[in-house]
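Counting convention: from 1, in listed order, for ligands and their atoms alike. If you're wondering where the values come from, they're calculated on a predicted model, not measured in any experiment. Heads up: numbering here begins at 1 and tracks the sequence.
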Amino acid sequence: MNFDEIIALRKAFAYVKDRQAKNVPPDLKEKMRRVRNIRESSVGNEALLKQAIRKLEQNGIRVFRAADKHDACKMILQEIGNEKLAVKSKSNVTKEIDLTSALESHGIKVIETDIGDRILQVLGRKPSHPTGPAAHLSARKIAEGLSRYYGTDIGQEPEDIVSFMRDEIAGYLKKAQTGITGANAVTAEEGSILLAHNEGNIFEVIRRKKHIVVTAIDKVYPSVEEALNMLKVISFHATGSLIPSFVEIISGVSKTADVEKKFFKGVHAPEDVVVILLDNRRTEMIANGFRELLYCIDCGNCLLHCPMYGTIGNDFAEEKYLGGKGLAYKSIAEKEVSKKLEFCLTCGRCRKNCPLSIDAPAIIKSIRSESLPEEVYYFLKSHLLWLYYHVRLKVG
Ligand code: SF4
Ligand code: SF4
């Protein structure tokens with residue numbers, strides 16, 4: 001990231017922190033404790049997962065379990081069939097399986113419908129935050145890049161950019177028959193899929209003829225009530241608001257039996273909902289003692305408080321794996337320790353500001369060094385690196 005991008009990122013992060021400070025819910029601690037307890041009892045709970053699958057299927061939703069990314073991409077390709085266009089909403093699991101490149105290599109055009117994600121897709125840039133992916137780009141930079149890409153002059157005010165992108169995305173939404181989303185939660189009691197959004201794009205993505213939900217086995221919650229509590233905790237920590245603008249609770253397909261009690265699917269849309277539940281080494285991670293990493297609800301609050309991330313931004317990241325927690329996850333899931341973990345100062349601010357108190361620094365220490373002298377070396381190296389970049393940032 002360059003100097004301007006770090007400044008833009010810091011500004012965006014300061015804005016979220018300010019909103020958080022003005023908006024603290026009175027029972028936030030209790031809500032956080034509840035999410036932690038639920039994650040402890042649900043992640044890796046095969047009986048709960050099986051109950052969720054059974055309930056989803058009873059609701060008319062087709063469910064598949066994918067062992068790895070190749071498996072998942074193959075299933076999704078089969079579901080898309082001969083269609084040449086798919087619209088999608090923000091989803092970390094689709095990034096994990098490199099879904100867009102897999103579909104594009106089969107001639108399927110994939111359009112992101114979240115404004116920030118579509119901007120990054122067009123500009124070919126990396127995200128800097130799980131829910132505010134373009135937080136590091138100024139409106140001027142975005143307008144310049146988009147104007148070059150589309151060959152037309154786009155105004156430099158945020159409103160001009162949003163209005164241009166919204167119209168562009170709307171054109172694809174009208175044509176697409178397949179909508180792909182992630183899921184914030186899948187519930188065992190009701191067999192429901194929960195999706196939170198602020199932009200309203202998900203209304204349209206899930207109303208395609210076919211809705212494909214790409215999620216992971218660790219997204220199971222016992223009930224809608226517990227999932228909603230988690231969404232409030234994410235919302236506050238990701239954006240500083242008490243609840244997202246919209247929460248979709250999907251528990252079936254569009255159907256009716258209003259005329260002579262004859263049952264029809266697909267009155268409006270979707271007529272088909274498919275859930276892909278990805279493992280991709282999660283079961284192995286749990287068995288190897290890294291269950292805590294899977295408790296993460298992707299709120300991104302750890303990034304807002306990480307001194308290294310605030311100094312070098314998403315250079316302390318690899319693809320969608322942002323900051324210390326993200327890199328620790330990638331290192332374990334891909335069985336190759338990321339070189340970028342040497343940037344971690346093991347200061348503990350991420351753990352302190354994590355709503356689930358996930359101890360990323362302890363996990364980082366355990367995977368990047370095998371002995372105390374080695375950890376002393378990393379401690380000194382990370383602090384020197386931080387000082388170097390910090391001074392460079394200060395002198396501009
Ligand atoms: S411990 Fe590492 S990842 Fe966590 S806040 Fe400090 S520098 Fe960032
Ligand atoms: S580690 Fe904690 S703070 Fe960071 S994204 Fe996950 S839940 Fe949020």
Side-chain angles (χ1 to χ4, degrees), residues 9 13 16-17 20 28 31-40 42-43 90 92-93 95-96 127-133 135 184-185 196 216 218-219 221 229-240 285 290-318 320-333 337-338 340-369 375 378-390:
L9 184 78
F13 282 8
V16 176
K17 285 192 211 166
Q20 288 174 338
L28 180 63
K31 286 188 165 65
M32 288 167 17
R33 191 196 54 74
R34 215 172 125 189
V35 181
R36 170 87 196 194
N37 288 348
I38 285 295
R39 299 297 282 156
E40 282 178 1
S42 307
V43 171
K90 190 188 298 307
N92 279 328
V93 178
K95 285 183 190 146
E96 176 181 336
S128 56
H129 187 273
T131 63
N184 293 100
D218 55 290
K219 290 284 167 69
Y221 286 74
N229 178 57
M230 175 274 296
L231 287 180
K232 286 187 180 179
V233 172
I234 289 194
S235 187
F236 175 75
H237 289 91
T239 66
M285 283 173 75
F290 294 109
R291 174 195 294 265
E292 196 185 17
L293 277 176
L294 292 166
Y295 297 167
C296 176
I297 54 172
D298 274 326
C299 66
N301 202 42
C302 46
L303 303 175
L304 266 55
H305 295 271
C306 171
M308 190 51 97
Y309 204 81
T311 306
I312 63 171
N314 66 7
D315 286 337
F316 185 30
E318 286 186 37
K320 79 157 197 97
Y321 300 97
L322 310 179
K325 196 278 313 176
L327 291 166
Y329 186 99
K330 183 174 193 284
S331 303
I332 294 160
V337 179
S338 166
K340 293 194 175 180
L341 274 183
E342 69 181 28
F343 283 119
C344 177
L345 304 157
T346 53
C347 63
R349 287 197 199 176
C350 48
R351 186 184 56 75
K352 200 167 149 236
N353 290 285
C354 171
L356 280 85
S357 306
I358 295 172
D359 199 350
I363 299 170
I364 291 169
K365 276 189 205 169
S366 79
I367 56 180
R368 80 174 175 185
S369 43
E375 194 45 48
Y378 280 119
F379 180 86
L380 292 173
K381 188 170 179 183
S382 60
H383 281 75
L384 283 172
L385 282 168
W386 176 79
L387 195 64
Y388 169 73
Y389 287 111
H390 194 69

Separation of [Y] [atom2] from [X] [atom1] (nearest 0.5 Å):
{"X": "H237", "Y": "L304", "atom1": "NE2", "atom2": "CG", "answer": "10.0 Å"}
{"X": "C344", "Y": "Y378", "atom1": "SG", "atom2": "OH", "answer": "11.5 Å"}
{"X": "M308", "Y": "L345", "atom1": "CE", "atom2": "CG", "answer": "4.5 Å"}
{"X": "L322", "Y": "F316", "atom1": "CG", "atom2": "CZ", "answer": "10.5 Å"}

Which residue holds the protein heavy atom closest to [atom], what is that atom called, and what is the gap in Å?
{"atom": "atom 8 (Fe) of ligand 1", "answer": "C306 SG, 2.4 Å"}
{"atom": "atom 7 (S) of ligand 1", "answer": "L345 N, 3.3 Å"}
{"atom": "atom 4 (Fe) of ligand 1", "answer": "C350 SG, 2.3 Å"}
{"atom": "atom 2 (Fe) of ligand 1", "answer": "C344 SG, 2.3 Å"}
{"atom": "atom 3 (S) of ligand 1", "answer": "G324 CA, 3.6 Å"}

Practice problem: Would you kindly specify which portion of C347 sits under 4.0 Å from ligand 1, judged on non-hydrogen atoms: side chain, backbone, both or neither? | Solution: both

Quiz item: Short list, please: which atoms of ligand 1 are under 4.0 Å from a heavy atom of T346?
Solution: 1 (S), 2 (Fe)

Exercise. Below 4.0 angstrom from a heavy atom of P361, which ligand 1 atoms are there? Numbered from 1 as shown, please.
Key: 1 (S)

Practice problem: Could you please tell me which protein N, O or S atoms lie under 2.8 Å from atom 8 (Fe) of ligand 2? | Solution: C299 SG

Practice problem: Report yes if the side chains of R34 and M230 come closer than 4.5 Å at any heavy-atom pair, otherwise no. | Solution: no

Practice problem: Could you point out which residue of Y388, Y389, W386 forms a side-chain hydrogen bond (donor to acceptor under 3.5 Å, both in side chains) with T311? | Solution: W386

Practice problem: Could you note down all residue pairs passing salt bridge (Lys or Arg N to Asp or Glu O under 4.0 Å) where residues 292-308 supplies at least one of them, sequence neighbours left out? | Solution: R36-E292

Practice problem: Sorted by first residue and then second, give each salt bridge (Lys or Arg N to Asp or Glu O under 4.0 Å) pair with at least one member in residues 378-388; sequence neighbours left out. | Solution: E342-K381

Check residues 351-364 and write down every donor-acceptor pair under 3.5 Å in which the side-chain atom is one partner and the other belongs to a residue at least two apart or another chain.
residue	atom	partner	partner atom	Å
N353	ND2	R349	O	2.8
D359	OD1	A362	N	3.4

Quiz item: Can G348 be said to touch ligand 1, with heavy atoms closer than 4.0 Å?
Solution: yes

Quiz item: So, are K340 and D315 salt-bridged, with charged N and O less than 4.0 Å apart?
Solution: no

